[in-house]
Amino acid sequence: MTSATQISELRRAFLSRAHEDIQALHERLESACDSETSHELVTDIAQLSHRLMGSYGSFGFPAMARNFELIEEVALSLISAQSAALPVMDQTRLPGLIADMMQQASLLDTLGYEPHPVETEHTPLVDRDDHKRILFVDDDVALHGLAQLYLKQEGYADIACETCAKDAAEHLAEHHVDAIICDWQLEGDTGLDLLRKLRSGGLRPPKETPFIFMTVPSSKQAIERAGLYRPDGYLLKPFDAQRLHGVLSRALKT
């Protein structure tokens, strides 16, 4: 079973880092409130909110995850407004929303919070003695340790983690893997770019290697485009051990 102590240590490390990230963003917003808002700043807000939404949810803080989902939506709505100039920052909801999140993140970081662990018995998906290897690709390093714990629980003996499609492709050029779990949104090439290379035979693993997407966008066109390259499953953030187990079990049966 997954070690409760390991989960607790990962959660507390995440809380501390998340508080620092939100505090740094809040300071940027304060300095920008009286000046013209830049697209770069709003894009950074959207990207950080997207990352924290997934992490807070996966580490057991659903309310915080929903709040950052809202902040991401507000930021994206400003970016997609198609206006020549963005409104002054203090005329938007973002400073207040980020300030509230900074206070809540500070409280969680100070007091900590341990959700009641739910112990479930299940048979690992793969035999540990087979030394199966999986590649986990996500630019949120806070999720790497959590994914490693969950995947080892499923019997995977070796889990490699990368933060971008470029590094993942370089890893695949030198190592065999038995399955890939990859975030859709990555800096530089996307998860779809990595899947396209895999299915075209441009990478070392066999074309049929199971490939699972995380955080697929709601765009119908994007999902249809991904379908052309036959992903084996979709894991939406936030995820937990049970969701990961379910998606992996279906992917391995295909």
Side-chain angles (χ1 to χ4, degrees), residues 1-24 47-62 64-65 68 105 108-120 122 124-126 128 131-168 170-172 175 177-187 191 194 210-215 233 235-249 251:
M1 298 302 295
T2 300
S3 166
T5 301
Q6 288 176 298
I7 292 289
S8 177
E9 291 174 351
L10 288 169
R11 182 183 289 117
R12 289 186 178 279
F14 160 69
L15 288 175
S16 178
R17 177 187 164 192
H19 177 219
E20 293 175 356
D21 289 345
I22 300 167
Q23 191 172 32
Q47 291 177 344
L48 178 62
S49 298
H50 180 83
R51 173 164 64 81
L52 292 176
M53 182 275 293
S55 288
Y56 271 114
S58 297
F59 278 106
F61 305 94
M64 291 291 283
F68 276 106
L108 288 173
D109 184 25
T110 301
L111 300 180
Y113 170 67
E114 297 297 333
H116 181 70
V118 178
E119 296 293 338
T120 58
H122 71 271
L125 294 173
V126 298
R128 289 180 174 84
H131 300 287
K132 296 287 188 179
R133 181 183 181 88
I134 197 163
L135 176 63
F136 183 84
V137 189
D138 195 304
D139 57 2
D140 186 354
V141 295
L143 293 181
H144 288 188
L146 194 63
Q148 287 177 326
L149 284 177
Y150 291 158
L151 290 167
K152 287 180 179 178
Q153 180 179 330
E154 299 299 347
Y156 286 94
D158 190 1
I159 301 99
C161 295
E162 299 290 355
T163 58
C164 66
K166 178 178 178 294
D167 290 346
E170 292 177 355
H171 180 93
L172 291 170
H175 302 89
V177 299
D178 297 284
I180 301 167
I181 300 176
C182 183
D183 196 17
W184 180 286
Q185 298 184 24
L186 298 169
E187 184 175 350
L194 187 66
F211 190 106
I212 295 171
F213 267 128
M214 290 188 291
T215 60
L235 179 64
L236 300 183
K237 292 181 182 177
F239 66 87
D240 54 24
Q242 290 182 330
R243 291 183 183 180
L244 181 61
H245 176 87
V247 172
L248 267 176
S249 63

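Scope of the values below: all heavy atoms of this structure, side chains included, with no hydrogens, waters or symmetry mates. All of these numbers come straight from a predicted model, not from anything done at the bench.
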Inset, instruction - Could you list the residues that satisfy ring-ring contact (aromatic ring centres under 6.0 Å, His included) with H245, not counting sequence neighbours? - result: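 Residues passing ring-ring contact (aromatic ring centres under 6.0 Å, His included) with H245: H122.
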
Legend entry - Distance in Å, L48 CG paired with M53 CE, rounded so as to fall on 0.5 Å steps: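 Output value for this atom pair is 12.0 Å.
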
Inset, instruction - Would you check if I134 and D178 make a side-chain contact, meaning some heavy-atom pair closer than 4.5 Å? - result: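 No, too far: nothing below the 4.5 Å cut-off.
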
Inset, instruction - Could you pull out all residues at least two apart from L108 that satisfy side chain to side chain contact (heavy atoms under 4.5 Å, CB included)? - result: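 Only L15, Y56, F61, M64, Y113 meet the side chain to side chain contact (heavy atoms under 4.5 Å, CB included) criterion with L108.
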
Inset, instruction - Please tell me if the side chains of S55 and L143 come closer than 4.5 Å, counting only heavy atoms from C-beta onward. - result: yes

Legend entry - Spatial distance of atom CD1 (I7) from atom CZ (R11) [nearest 0.5 Å]: 6.5 Å

Inset, instruction - Please report the closest heavy-atom contact between C182 and G191, naming both atoms and the distance. - result: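 Scanning both residues, the minimum pair turns out to be SG-CA, 3.7 Å.
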
Legend entry - salt bridge (Lys or Arg N to Asp or Glu O under 4.0 Å) contacts touching residues 236-249 (sequence neighbours left out): D138-K237, D183-K237

Inset, instruction - Not counting sequence neighbours, which residues clear side-chain hydrogen bond (donor to acceptor under 3.5 Å, both in side chains) with S58? List them please. - result: none

Legend entry - Partners meeting side chain to side chain contact (heavy atoms under 4.5 Å, CB included) with Q23 (sequence neighbours left out):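 Q23 satisfies side chain to side chain contact (heavy atoms under 4.5 Å, CB included) with H19, E27, M102 only.
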
Inset, instruction - State, with a plain yes or no, whether a side-chain heavy atom of L151 is found less than 4.5 Å away from one of I181. - result: yes

Legend entry - L146 and F14, any side-chain heavy atoms less than 4.5 Å apart: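 Heavy-atom side-chain distance check fails, nothing below 4.5 Å.
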
Inset, instruction - Check salt bridge (charged side-chain N to carboxylate O under 4.0 Å, His left out) between R12 and all other residues, then give those that pass, not counting sequence neighbours. - result: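 R12 satisfies salt bridge (charged side-chain N to carboxylate O under 4.0 Å, His left out) with E114 once adjacent residues are dropped.
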
Inset, instruction - Taking the side chain as every heavy atom from C-beta outward, state whether F211 and L194 have any atom pair closer than 4.5 Å. - result: yes

Legend entry - By ring-ring contact (aromatic ring centres under 6.0 Å, His included) - contacts of H171 (at least two apart): H175

Legend entry - Exercise: identify the closest heavy-atom pair between A105 and I22: CB-CD1, 3.6 Å

Legend entry - Value rounded to 0.5 Å, distance of CD in Q153 from CD in Q148: 14.0 Å

Legend entry - I212 side chain reached by F136 side chain, heavy atoms, under 4.5 Å: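 The answer is no, as the side chains (C-beta and beyond) never meet within the 4.5 Å cut-off.
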
Inset, instruction - Kindly write out the residues that satisfy salt bridge (charged side-chain N to carboxylate O under 4.0 Å, His left out) with D21, not counting sequence neighbours, or none if the list is empty. - result: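 D21 satisfies salt bridge (charged side-chain N to carboxylate O under 4.0 Å, His left out) with R17, R51 once adjacent residues are dropped.
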
Inset, instruction - Please identify each residue that fulfils side-chain hydrogen bond (donor to acceptor under 3.5 Å, both in side chains) with H144, with sequence neighbours left out. - result: none

Legend entry - Contact summary for D109 and S16, nearest pair of heavy atoms: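 In terms of heavy atoms, the two residues are closest at OD1-CA, 3.4 Å.
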
Legend entry - side-chain contact (heavy atoms from CB on, under 4.5 Å) evaluation trace for F59 with L10: CA-CA 9 Å; F59 278 106; L10 288 169; 3.9 Å; yes

Inset, instruction - Please report the shortest heavy-atom distance between S249 and G246, naming the atom on each side. - result: OG-O, 2.8 Å

Legend entry - M214 vs F239, side-chain contact (heavy atoms from CB on, under 4.5 Å): CA-CA, chis, key distance, verdict: CA-CA 9 Å; M214 290 188 291; F239 66 87; 4.1 Å; yes

Inset, instruction - Under the side chain to side chain contact (heavy atoms under 4.5 Å, CB included) rule, collect the residues that match up with Q47, sequence neighbours excluded. - result: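 Result, side chain to side chain contact (heavy atoms under 4.5 Å, CB included) vs Q47: T43, D44.
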
Inset, instruction - Applying salt bridge (charged side-chain N to carboxylate O under 4.0 Å, His left out), name anything that partners K152, two or more places apart in sequence or on another chain. - result: none

Please tabulate, for side-chain N and O atoms in residues 155-167, each donor-acceptor pair with protein atoms closer than 3.5 Å (sequence neighbours left out).
from, atom 1, to, atom 2, distance (Å)
D158, OD1, R133, NH1, 3.4
D158, OD2, R133, NH1, 2.1
K166, NZ, E170, OE2, 2.9

Legend entry - Side-chain heavy atoms of T5 within contact of E9, under 4.5 Å: yes

